[in-house]
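Here the structure is laid out as structure tokens; the discussion comes afterwards.
As a basis for the values below, the full set of heavy atoms in this structure was taken, side chains included, without hydrogen atoms, waters or symmetry mates.
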Amino acid sequence: QHAMPALNSPGPEPAGQDAAEKDPLARFRSWRGFLFASIAVNALFVYGMLGGMGDPGVAIWYKSLVWLPFNVIATAVYLAIMARLTKTGGAVASAVGRAFYALLCGAMIIANWAVLLSA
């Protein structure tokens, strides 16, 4: 009889394969990518919420039950991204790059709250 090798069995690694290739989720661990994905989700959320704010009778419910919790979560996400991207020795090497990401995250936090309060 012919035995099939187990798929998860530890075996010899192919030559030339480094740690980044061994990690199947490495492409999902980019903080810059996470920042830009967060901005895209944020833009879609604001677009959807502004569409639902047309009826003044339910606007306060949209703000208190949906928009306020989203802003709290988005603020925490942007602060975490800012802390990660602006630390010295992190993913961003230059001081200009770190300042840019800090400014971008801060601007997104301010914009979220400004849009909520003005809607």
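Residue W113 is grouped with residue V115 when hydrophobic side chains (ILVMFWY) are merged at heavy-atom distances under 4.5 angstrom, including chains of intermediate members. In this structure, V96 is not a member of the same hydrophobic cluster as L103, with clusters built from ILVMFWY side-chain heavy atoms closer than 4.5 Å. Hydrophobic clustering of Ile, Leu, Val, Met, Phe, Trp and Tyr side chains at less than 4.5 Å, counting indirect connections, unites V72 with F70. By the criterion of side-chain heavy atoms lying less than 4.5 angstrom apart, applied directly or through intervening Ile, Leu, Val, Met, Phe, Trp or Tyr residues, Y47 is not grouped with L117; the two fall into different hydrophobic clusters.
Under the side chain to side chain donor-acceptor pair (under 3.5 Å) criterion, W61 pairs with no residue, sequence neighbours left out.
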Report all side-chain donor-acceptor pairs from residues 35-46 shorter than 3.5 Å, counting only partners two or more places apart or in another chain.
| from | atom 1 | to | atom 2 | distance (Å) |
| --- | --- | --- | --- | --- |
| S38 | OG | F34 | O | 2.8 |
| N42 | ND2 | Y78 | OH | 3.0 |
| N42 | ND2 | N112 | OD1 | 3.0 |

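Taking all atoms of both residues into account, the shortest heavy-atom contact from P69 to S64 is CD-O, 3.6 Å. Across all non-hydrogen atoms, the minimal contact from R98 to K87 is CD-O, 3.7 Å. In terms of heavy atoms, C105 sits closest to M82 at CB-CE, 3.7 Å.
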*Could you walk me through whether L68 and K63 pass the side-chain contact (heavy atoms from CB on, under 4.5 Å) test, one step at a time?*
CA-CA 6 Å; L68 184 63; K63 281 186 172 185; over 6 Å; no
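Exactly one residue among I81, T75, V77 makes a side-chain contact (heavy atoms from CB on, under 4.5 Å) with L79. That residue is T75.
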